Amino acid sequence: MKVLAILYDGGEAARQESRLLGTTENGLGIGPWLESLGHEFVVSSSKEGANSDFQKHIVDAEVLITTPFHPGYLTRDLVEKAKNLRLCITAGVGSDHIDLNAAVDHRIQVLEVSGSNVVSVAEHVVMSILLLVRNFVPAHEMIERGDWQVSDIARNAFDLEGKVVGTIGAGRIGYRVLQRLLPFNCKELIYYDYAPLPEAASKAVNTRKVDDLKEFVSQCDVVTVNCPLHEGTRGLINAELLKSFKKGAWLVNTARGAICDKDAVAAAVKSGQLNGYAGDVWNVQPAPKDHIWRTVKNPLNGGNGMVPHYSGTTLDAQARYANGTKSILEHYFNNTEQEAQNIIIGLGKYETKAYGQR
Ligand code: NAD
């Protein structure tokens, strides 16, 4: 059968570092294995437009492997052209680049390697919160420039201790963020999620659920976004909601770029309504060179902690999602039961409750 993988090019780095498994050069480390089983394995980064390898090969591929870091956008149109497609595997976590409703309609299964990079992302969230609150980036830039003016940095640097931090989504990543924040003695850790945490889990991190989103954001000094992108979260953080944020709050989004309205967030940072925005996810990836999130600054010339999409693709994470991808393929080839936690779309239906209430 044909297995198509859309991955990012690793270039020189991937040739030097074989643990960069999620690249086209290293093909998740599964190429020789797939070929030994007699399968055709097509790996490419070319994903946009009718002449891309993605669109050329999707018409007869049976398995599609994609990664959120360089998303091959499987639209309903493409699903309809993909006559042989039976299984989509997300090498990582987050399958919003697949039209999941179209996958349901066409009985295409969608699986993720659940949990594979949740610690990687949670660590990145904690780092991003700290770098915003402590005004780290402008301080480092000052040092590189050869300048030294402590007051210019200190005038907008704070401690995390005593602040209220809230997570939108308290699933695997959101919960791990709360766990990691516990020793910082925040004033409160709160969450917004339609799925309540089990009582013991909630007690263990001393968190409180807030049911109304406006009410929730109005209580937070720091908001971190940790829910999937779906119909109910696209554009969730928009101009209207930003008005309910505390003036000067910080926002961290490592979930999906399109959960935040690009221009509304940029305007809020520029005006100082948000003191900063950080994260690694963009509404389109790769982000265009002139994307406003690359350069937007708060009125004190800081407040930007944006990086390319890499929080969940550390070398440790790559080992886990490469192994997980192989294991999903093994189950598929051998017709054995997939691990339940990995199934986003089963045959003709959503198996997860995390992609919206339906
Ligand atoms: P998860 O399924 O364990 O948890 C998601 C949580 O979000 C669930 O508790 C769900 O109920 C909640 N949720 C869904 N819709 C919501 C809404 N409208 N409002 C509030 N909460 C809502 O998933 P996870 O492993 O924690 O991952 C979460 C997301 O993080 C992924 O879907 C992906 O988009 C993103 N992610 C990013 C990276 C990265 O590298 N930046 C890596 C992994 C995952």
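Because only heavy atoms are used, hydrogens play no part in the values below, and waters and symmetry mates are left out as well, while side chains stay in. Residues: numbered from 1 along the sequence shown. Note that ligands are numbered from 1 as they come in the structure, with each ligand's atoms numbered from 1 the same way. What you see is a predicted model; the values in this text were computed from it and never measured.
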Main-chain N/O of Thr90 paired with Ser95 side-chain donor or acceptor, under 3.5 Å: no
N or O contact, Arg172 vs ligand 1, cut-off under 3.5 Å: yes
Nearest neighbour in protein (non-hydrogen) for atom 22 (C) of ligand 1: Cys227 CB, 3.6 Å
Short N or O distance, Thr233 and ligand 1, threshold 3.5 Å exclusive: no
Lys/Arg-Asp/Glu bridge criterion (N-O < 4.0 Å) met for Asp221, Lys246: yes
Which residue and heavy atom of the protein sit nearest atom 20 (C) of ligand 1, plus the separation: Tyr192 O, 3.4 Å
Shortest protein contact, atom 28 (C) of ligand 1 (heavy atom only): Asn226 O, 3.6 Å
Taking atom 41 (N) of ligand 1 as the reference point, the nearest protein heavy atom with its distance: Thr254 O, 2.8 Å
Ligand 1 contacted by His230 (non-hydrogen, < 4.0 Å): yes
Lys/Arg-Asp/Glu bridge criterion (N-O < 4.0 Å) met for Glu231, Arg234: no
Per-atom contacts of ligand 1 with Phe69, taking only distances under 4.0 Å to non-hydrogen atoms: 40 (O)
N/O donor-acceptor pair under 3.5 Å between Asn26 side chain and Gly29 backbone: no
Per-atom contacts, ligand 1 versus Val281 - under 4.0 Å to a heavy atom: 41 (N)
Heteroatom proximity flag, His309 to ligand 1, N/O under 3.5 Å: yes
Minimum-distance protein heavy atom relative to atom 12 (C) of ligand 1: Asp193 OD2, 3.2 Å
Residue Arg358 excluded, over 12 heavy atoms near CZ under 6.0 Å: yes
Heavy-atom nearest neighbour in the protein, as seen from atom 35 (C) of ligand 1, with distance rounded to 0.1 Å: Ala255 O, 3.5 Å
For Ala195, atoms of ligand 1 separated by under 4.0 Å from a heavy atom: 11 (O)
Heavy atoms from other residues, nucleotides or ligands near NZ of Lys353 exceed 12 (cutoff 6.0 Å): no
Under 3.5 Å: N/O of Gly356 near N/O of ligand 1: no
Geometric class of the Trp250/Phe158 ring pair [parallel <30°, tilted 30-60°, perpendicular >60°]: perpendicular
Nitrogen or oxygen atoms of Asp96 and ligand 1 under 3.5 Å apart: no
Heteroatom distance test (Lys353, ligand 1): nitrogen or oxygen, under 3.5 angstrom: no
Geometric class of the Tyr8/Phe69 ring pair [parallel <30°, tilted 30-60°, perpendicular >60°]: perpendicular
For Val121, the ligand 1 atoms whose distance to one of its heavy atoms is below 4.0 Å: 38 (C), 39 (C), 40 (O), 42 (C), 43 (C)
Protein residue, atom and distance nearest to atom 27 (O) of ligand 1, heavy-atom basis: Ile173 CD1, 3.5 Å
Numbering as shown, the atoms of ligand 1 that approach Val118 to under 4.0 Å (heavy-atom distance): 25 (O)
Closest to atom 7 (O) of ligand 1 (judged by heavy-atom distance), picking from Pro228, Gly232, Gly171: Pro228
Protein heavy-atom partner closest to atom 2 (O) of ligand 1 - residue, atom, separation in Å: Ala354 CB, 3.3 Å
Arg19, CZ: over 12 other non-hydrogen atoms inside 6.0 angstrom: no
Thr313 (side chain) donor-acceptor with Tyr310 (main chain) under 3.5 angstrom: no
Lys/Arg-Asp/Glu bridge criterion (N-O < 4.0 Å) met for Lys214, Glu240: yes
Glu12 atom CD, neighbour heavy-atom count above 12 within 6.0 Å: yes
Asn117 N/O to ligand 1 N/O under 3.5 Å: no
Tyr310 touching ligand 1 at heavy-atom level, < 4.0 angstrom: no
Electrostatic pair Arg76-Asp105, nearest N-O below 4.0 angstrom: yes
